[in-house]
Every structure is written in C-alpha cells, then in structure tokens.
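The structure's right below; bear with me while I get my questions together.
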2 protein chains.
Amino acid sequence: MRHVSIKDIARAAKVSHPTVSRALRHSPLVRSETAKEIRKIAETMGYRPSAIGRSLATRKTNMIGVVVTTIADPFIADVVRGIEDTANEFGYSVFLANSNANPDREIQVVHSFHERRVDGILVAASRVGALYVPLLSRLRVPIVLINNQHPDEPDEFVRSVMIDNIKASSAVMSHLIGLGHRRIAYIGDKSGFQSDTERFAGYRRSLELASYAFSPELVVHGDGKAEGGLQAMEKLLQIADPPTAVFCYNDMSALGALRTLCAQGIRVPADISLIGFDDLAIASYTSPLLTTVRQPKQQMGRIAMQMLLDTFSGVESKSSIKVEGELILRESTAPPSWCDGNAN
Amino acid sequence: MRHVSIKDIARAAKVSHPTVSRALRHSPLVRSETAKEIRKIAETMGYRPSAIGRSLATRKTNMIGVVVTTIADPFIADVVRGIEDTANEFGYSVFLANSNANPDREIQVVHSFHERRVDGILVAASRVGALYVPLLSRLRVPIVLINNQHPDEPDEFVRSVMIDNIKASSAVMSHLIGLGHRRIAYIGDKSGFQSDTERFAGYRRSLELASYAFSPELVVHGDGKAEGGLQAMEKLLQIADPPTAVFCYNDMSALGALRTLCAQGIRVPADISLIGFDDLAIASYTSPLLTTVRQPKQQMGRIAMQMLLDTFSGVESKSSIKVEGELILRESTAPPSWCDGNAN
DNA sequence: TCCAGTTCTGCACACGTGTTCAAGTGTTGA
DNA sequence: TCAACACTTGAACACGTGTGCAGAACTGGA
C-alpha cells in the first residue's frame with residue numbers, strides 16, 4: 001500500500017472512516033477523547049490527507065492556474081511572485097504555464113487547467129485575440145486578466161487588472177516636455193498590443209496638448225525586448241534630425257537603446273535623454289540609472305489573486321481595476337543639450 | 001450539474017460508463033462505430049475529462065512541484081522555463097512555489113506538494129540544511145535538486161543537477177591570471193552555501209597553482225544580489241592596495257559592483273577588470289558588456305525534468321549530473337593597467 | 001426504572017474515472 | 001448443428017474523502 005488513507009487509520013483506531021475524517025477536521029461531532037486518539041494514530045502512521053480525494057468530494061481543488069507568455073520575463077516574474085505569495089497565504093497552489101507568446105499554446109494551456117478543475121485562472125499579458133474572452137467565459141471558471149494585450153469587453157467570469165497606461169504615458173511626456181524636449185521619439189512593442197497602443201496614445205496626446213508636431217519617423221517598433229530596442233535606436237540615430245529624447249515602451253527596450261547609444265559614444269542624458277517603463281530591478285543598476293515608470297508588479301499580482309479569492313467567497317468586486325504607475329526620476333533624463341538648463 | 005461526466009455521456013449514448021471511458025481513450029476493446037458515436041456525443045456535450053477523477057483512479061497525477069527561492073531571480077526563472085517546457089511537452093503540469101529563502105516555508109511547501117500527490121518534485125537552489133535530504137526521501141517521491149546549496153549524500157529518491165563550479169571557477173581565474181592580474185578579489189554570496197564555497201575553492205586553488213599569495217582582505221561576502229555586490233565593491237576600494245581584477249560570485253553581484261565602480265569614476269576594464277557568473281540576459285546589455293561564465297540555465301531545467309521523467313518510466317539514470325559552464329569573454333576584462341599588454 | 005433528550009458513531013452514498021472479470025453476441029470451422 | 005473462438009459490453013469494484021441520515025449509546029430527570 002502506497003499512502004496511508006483514513007481507512008487505514010480507521011482500522012487501526014477501530015472506528016469507521018467517517019469518524020476519522022471528522023476527527024482530523026476537528027469536527028465537534030466526534031467525542032474529543034476519541035478525536036485526540038485518532039489524531040495521535042494518524043500522526044504515528046505519518047498520515048497526509050490526499051488533496052485529490054478531497055477535491056473529488058468537495059468539488060474544490062484549491063488550485064489556480066497562471067498563464068504567462070514566459071516566466072523568463074522579469075516583469076512577469078514579479079507579477080507571478082505577488083500571485084504566488086497571496087495564493088500560498090490562503091492555501092492555494094499555483095500551476096504555472098508558459099505560452100511562449102503562442103496563442104494556440106495559450107489556449108491549450110487554459111484547457112489543461114480546465115481539465116484539472118482549477119478554481120480560477122490568471123492570465124498575464126495574454127497575446128490571444130478578440131475571441132479569447134468569450135472562449136474563457138464558456139469554461140465558467142473565474143478568470144482575471146493582467147495587462148491583457150487586447151481590449152476586453154466586460155464579462156461575468158472574466159475580470160481584469162491593468163495599469164493606467166495613458167496616464168503614466170502622459171506623465172512621462174510631461175516630464176520630457178518640461179525639461180525642454182521637442183523632438184521626442186517613441187520606441188514601441190510590436191504593433192497591435194494594447195499596452196503599446198495606449199502608451200503610444202498618451203505620447204501622441206501629450207504632443208498635441210503641447211502643440212508640438214508629430215513626426216512619424218520618430219516612432220519605431222521594437223519587440224518589447226532589449227534586442228528590439230537596440231535596433232530601434234540604431235534606426236532613430238540614422239534620421240537626419242535625430243530626437244533629443246526617447247520614450248521607450250518598456251525598460252528592456254530602453255536597455256537595448258542604451259546599449260546602442262553607449263556603443264556609439266552618445267552620452268545619456270547629456271546628448272540624449274532616455275526613459276523606460278516598468279521599473280525592473282535592472283533599471284537601478286544601469287549607467288546612468290534609468291528614469292522610468294514604476295508598475296506595482298507584485299502588487300498587481302496580489303490584486304489579481306485577491307480578485308479571484310473575492311469571487312470564490314462570493315464577495316462582489318469591481319470587474320476591472322486600473323492601478324497607477326509612478327514616475328521614477330533617476331539619471332537618464334536631462335534638458336536637451338541646446339537648452340542651457342531652462343526650458344524654452 | 002456542473003461538469004459533464006462520462007456518466008452523462010453514457011446516458012446520452014445509451015451505453016455504460018466504462019464503454020464511454022474506453023471509447024474516449026481509443027481502447028481497441030470498443031467497437032469502432034460505437035466509439036466514434038460516443039466521441040461525437042462527448043464533443044457535442046463539451047466534455048472535458050476530469051484530471052481529478054483520473055488521478056484518483058490511476059494513482060498518477062501528471063503533476064510535478066517546483067520549489068524555488070524566488071521566481072523573481074532571473075537565474076531561477078530561466079531554469080523554471082526549461083522545466084516547464086519539458087514538463088508541458090510530456091503532458092505534465094507544474095506547481096510553482098516560492099520559499100522566499102525561508103527553510104520552514106520550503107519544507108511546508110514540500111508537504112503541500114506531497115498532499116497533492118505530485119509525481120515528482122524539483123527544488124532549485126534550496127537553502128535548507130543537512131537534514132533535508134533524509135526528510136525528502138521519507139516522502140518516497142522522486143526528487144531532483146538543482147544547484148542545491150548544501151552537499152547532499154546519494155539517495156534512492158533524491159537526485160541532483162549542478163554546475164561544475166570548481167572547473168568554471170578555475171577557468172575564470174586562468175583567464176584573469178593569463179591577462180596578467182595578480183591581485184584578484186573575490187566577491188562571494190553569504191557564507192555557507194555550496195556554490196559559493198565551490199567557486200571560492202576554485203579561486204583559492206588557482207591562486208595556489210599560480211603561486212600567488214592569498215590575501216584574506218580581497219575576499220568579501222555580499223548577498224548574491226546587486227546590493228550586496230555594490231557594497232562589497234565599496235569595501236574593496238577602501239583597501240590600501242586595491243585589486244586589479246574582481247571575480248564576482250554571480251552576475252547580480254557583478255552588476256552591483258559595476259555600479260559602484262561607475263559611480264566612483266573607475267573605468268572597467270581599463271582600471272579594474274570585472275567578471276561575473278551565470279550569464280544572465282542583462283550581462284549582454286551592461287556597459288561594458290560583462291565577461292562571465294554561462295550556466296546552461298534552461299538546459300539544467302530540462303535535464304532535471306528529464307531525470308524525473310526517466311525515474312517515472314523506470315529508466316535507470318545517474319543520480320547526479322554535473323554540467324559544464326562556459327567562459328564568455330566580453331568587454332569587462334583586460335590586462336591590468338600597469339601591464340603593457342603582455343603579461344609579466 | 002423508564003423516558004426524553006443529547007451526544008456520538010456508522011451505513012450508505014457521492015464525487016469522476018479506470019480496470020477486472022463475467023457474460024453476452026456474433027463468427028467460423030468441423 | 002454445435003463447439004470454439006473473437007469481439008463487444010456492462011456489472012462491480014477500486015481510488016480517498018466528505019456528508020446526510022438513521023440509529024446506538026449515553027445523560028439527566030421524574
């Protein structure tokens with residue numbers, strides 16, 4: 001026999017297995033001396049309850065599934081950490097699955113979670129398109145999307161947490177414009193994803209508000225990773241009239257851009273200002289330190305998990321939460337070189 | 001009724017539930033037309049088998065547990081990615097749990113995995129002490145430790161994957177010594193962990209082999225993170241006769257050290273050479289690019305998972321695997337400044 | 001001593017799937 | 001026509017836990 005079951009204990013204690021079940025769960029229905037005796041025997045026999053058996057009986061697994069594009073992304077890793085901490089605190093275990101940014105794989109993973117009867121699903125930075133939410137909804141499992149990359153319609157089962165991109169993006173632009181920059185470039189992600197779209201929207205709106213011209217050649221798309229930022233910056237430097245400041249979609253892109261600038265001997269921020277988004281740990285260790293927008297990554301994970309827990313316990317909660325970013329001023333931004341310290 | 005079960009399908013198809021079970025699993029025991037009909041009905045009813053029920057019957061969960069200190073560590077994130085990819089490929093789901101480097105929590109997590117009846121457990125960078133392996137072994141669950149931080153005795157249930165620290169460390173030192181450095185510092189992790197101990201052993205042995213003096217003041221302990229490296233480097237710079245090269249326990253420490261050097265206007269590698277360990281993604285985006293030892297992180301995860309799979313299928317395999325690091329020469333090392341290009 | 005009420009215990013079933021075994025049906029060959 | 005065989009199906013049970021309900025055991029009061 002592989003594992004001790006309550007039936008084994010029942011035999012040893014000369015009682016029935018329901019009595020054991022109740023004793024172990026401290027039910028008041030069982031005489032306290034009997035219960036104590038049973039628990040002692042269980043302890044001696046090295047009993048560990050089977051979550052499988054329990055799940056089958058209670059129709060509750062205390063498991064949640066987390067889908068990420070890739071856990072190797074430091075942004076996502078932080079979010080997952082927040083999720084896992086909260087989940088663990090409340091007795092939930094976390095399934096982790098990488099979709100590798102492959103929509104088919106992502107859907108397959110969700111089905112696998114469904115078959116395991118997880119109590120809820122969290123999805124970080126989904127890359128799946130418009131039909132996704134209805135598909136998820138059909139599973140009738142509570143779901144929270146974190147920084148979902150496609151606009152989602154409200155839904156009974158699908159909730160969401162995301163950062164207020166437009167607001168944060170506007171803060172970035174205010175900072176740069178306030179320093180005196182007029183030619184500000186934008187290095188984005190691959191086209192079509194929501195956080196890119198929204199941050200770009202904030203960029204454009206800020207230019208308009210300041211009555212500055214929008215120059216399409218100042219907008220370059222990377223891939224959200226360092227390599228893309230590196231190449232995007234190379235392109236920007238080839239323009240006849242290059243920008244004096246660059247707003248990067250995220251810190252990884254900024255890191256790549258910084259690399260290009262450094263390799264070409266261009267000083268940051270003396271020659272060009274650079275600003276990122278996310279506030280990854282690395283942003284505090286680059287040279288110069290990177291000015292960026294802090295996303296409360298762990299907290300977003302905690303909030304998402306908390307939304308699930310609320311759903312489980314029937315607490316009514318908002319179907320969509322927007323968190324605020326915070327502009328972190330460090331060393332990578334300064335007034336443009338032609339500007340002697342005071343803007344315009 | 002919440003989920004469709006094989007009994008529901010059985011009713012609809014006017015057969016018994018064992019027949020449905022067999023039909024869905026393409027058993028040759030059921031007539032092919034019947035099977036086809038049953039599968040059609042299952043499809044129509046939106047049936048998804050319950051992994052819970054199946055696990056209970058088969059005593060196999062196709063789940064594995066992964067314990068990490070924290071998923072926010074980029075080294076560990078890469079390892080986990082390798083694990084998850086391989087697991088997914090073979091139909092296994094992965095539980096992820098952070099121990100936050102807290103031994104009690106780590107043990108608690110292992111028990112939780114045990115209760116969920118995972119088929120195997122992977123532990124990355126365990127911080128639990130000597131009694132750990134016997135404890136794990138008592139669970140009678142196959143376990144693979146990855147870069148375990150305490151020396152482990154061979155055991156029937158507990159296997160391990162680790163990097164050959166001494167060899168890699170020696171390669172680092174050969175490189176620095178070959179460049180002409182004689183005063184080489186070592187920035188370590190907190191004392192007492194195996195990878196630190198071994199890398200330090202390689203450091204000392206290399207000095208001995210070269211007949212260079214070992215100076216205790218050149219050895220400083222950080223915390224394995226950037227902050228620790230930063231402070232350790234500050235200490236090193238206060239020495240009367242500072243080192244011309246610094247071997248950092250890992251890339252995060254090196255990143256911190258680099259920050260200190262940069263802040264104090266000390267040029268790398270012109271004034272001081274710096275070398276890391278791990279080859280994190282960031283190492284390719286620092287200025288200067290960081291020379292380091294590449295650990296095959298994802299591959300280590302794959303190997304560990306493969307060892308579990310081998311155990312499941314009864315394949316005999318080695319109980320301990322050592323993988324080799326690879327010295328990656330980039331820009332952060334050069335001959336010492338007093339040395340005109342040719343060593344000694 | 002007996003009854004009513006309380007406290008405790010066990011039977012039977014449920015949850016969803018898989019497997020063994022016996023029995024049913026149809027086929028082939030003598 | 002019958003036996004031997006292959007093919008197909010379903011009854012019964014297993015896996016480990018939880019729960020409604022009936023009944024047993026105990027308690028206290030008259």
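Any value given below was found using the heavy atoms of this structure, including those in side chains, with hydrogens, waters and symmetry copies removed. Labels below follow one simple rule: chain letters A, B, ... track the order of the sequence lines, proteins then strands, and each chain is numbered from 1.
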**Asked** So, A/Thr44 side chain and A/Lys40 main chain: donor-acceptor pair closer than 3.5 Å or not?
**Response**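 Yes, A/Thr44 side chain to A/Lys40 backbone: donor-acceptor pair under 3.5 Å.
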
**Item:** Nucleotide of C/dG18, D/dT17, D/dG18 approaching A/Pro49 most closely (side-chain heavy atoms)
**Value:**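 So the nucleotide nearest the side chain must be D/dT17.
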
**Asked** Is there a donor-acceptor pair closer than 3.5 Å between any side-chain N or O of A/Asn98 and the backbone N or O of A/Asn100?
**Response**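 Flag not set: sc A/Asn98 to bb A/Asn100 has no pair under 3.5 Å.
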
**Request:** Would you indicate whether A/Lys60, at its atom NZ, is surrounded by more than 12 heavy atoms from other residues, nucleotides or ligands within a distance under 6.0 Å?
**Result:**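 Atom NZ in A/Lys60 is packed in, count exceeds 12.
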
**Request:** Give the rounded distance in Å between these two atoms: CG of B/Leu24 and C1' of C/dT19.
**Result:**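 Going from B/Leu24 (CG) to C/dT19 (C1'), I get 16 Å.
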
**Whole-Å gap separating P (D/dG18) and CG (A/Asn62)** =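 Roughly 12 Å, once rounded to whole Å.
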
**Geometric cation-pi criterion B/Arg127 and B/Phe193, 6.0 Å radius, 45° cone** =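 B/Arg127 over B/Phe193 ring: yes.
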
**Prompt:** To the nearest 0.5 Å, how far apart are NZ in B/Lys318 and CG in B/Asp310?
**Reply:**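 So the gap between those two atoms works out to 12.5 Å.
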
Between protein and nucleic acid, restricted to nucleotides 6-13 of chain D and to nitrogen or oxygen atoms under 3.5 Å apart, what atom pairs and distances do you find?
from, atom 1, to, atom 2, distance (Å)
D/dT9, OP1, B/Thr34, OG1, 3.1
D/dT9, OP2, B/Arg31, N, 3.0
D/dG10, OP2, B/Ser16, N, 3.0
D/dG10, OP2, B/Ser16, OG, 3.2
D/dG10, OP2, B/Thr19, OG1, 2.9
D/dG10, N7, B/Arg22, NH2, 2.8
D/dG10, O6, B/Arg22, NH2, 2.9

**Message:** Using OP1 and OP2 only, check whether a side-chain N or O of B/Arg48 sits under 4.0 Å from C/dG16.
**Reply:**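 So the side-chain polar atoms of B/Arg48 never come under 4.0 Å of the phosphate oxygens OP1 or OP2 of C/dG16.
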
**Item:** Spacing of B/Leu56 atom CG relative to D/dT17 atom C1', expressed in whole Å
**Value:**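 Distance check: B/Leu56 CG to D/dT17 C1' gives 9 Å.
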
**Request:** Grab the CD1-C1' distance between A/Ile6 and C/dT9 for me, whole Å please.
**Result:**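 Checked: the CD1 to C1' distance equals 14 Å.
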
**Request:** Figure out the NZ/C1' separation between A/Lys7 and C/dC13, and round it to whole Å.
**Result:**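 Going from A/Lys7 (NZ) to C/dC13 (C1'), I get 12 Å.
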
**Prompt:** Over how many whole Å does the gap from A/Lys60 atom NZ to D/dT17 atom P extend?
**Reply:**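 In whole Å, D/dT17 P and A/Lys60 NZ are 18 Å from each other.
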
**Prompt:** In Å, rounded to the nearest 0.5 Å, how long is the span from CZ of A/Arg54 to CZ of B/Arg116?
**Reply:**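 Atom-to-atom, A/Arg54:CZ and B/Arg116:CZ are 9.5 Å apart.
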
**Request:** Please round to the nearest 0.5 Å and tell me the distance separating atom CD1 of A/Ile64 and atom CG of A/Asp119.
**Result:**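 These two atoms lie 9.0 Å from each other.
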
**Item:** Which residue lies more 5' along DNA chain D, comparing B/Arg59 with A/Ser21 via nearest heavy atoms
**Value:**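 Mapping each residue to its closest nucleotide by heavy atoms, the 5'-most match is B/Arg59.
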
**Message:** Aromatic contact between A/Tyr92 and A/Phe312, with the criterion being ring centroids under 6.0 Å apart: yes or no?
**Reply:**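 Centroid separation for A/Tyr92 and A/Phe312: below 6.0 Å.
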
**Message:** If only side-chain N and O atoms count, and only distance matters, is there a donor-acceptor pair under 3.5 Å linking A/Asn148 with A/Ser160?
**Reply:**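 Not at all, the side chains of A/Ser160 and A/Asn148 share no donor-acceptor pair under 3.5 Å.
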
Just the atom pairs and distances: protein N or O near nucleotides 25-27 of chain C's N or O, under 3.5 Å.
none

**Message:** Expressed as a whole number of angstroms, how long is the span from B/Arg25:CZ to C/dT17:P?
**Reply:**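 Distance check: B/Arg25 CZ to C/dT17 P gives 11 Å.
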
**Request:** Check whether any side-chain nitrogen or oxygen of A/Arg54 sits under 4.0 Å from OP1 or OP2 of D/dG18, and answer yes or no.
**Result:**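 It does, given that an N or O in the side chain of A/Arg54 lies less than 4.0 Å from OP1 or OP2 of D/dG18.
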
**Message:** Expressed as a whole number of angstroms, how long is the span from B/Ile52:CD1 to C/dT17:P?
**Reply:**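 Going from B/Ile52 (CD1) to C/dT17 (P), I get 11 Å.
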
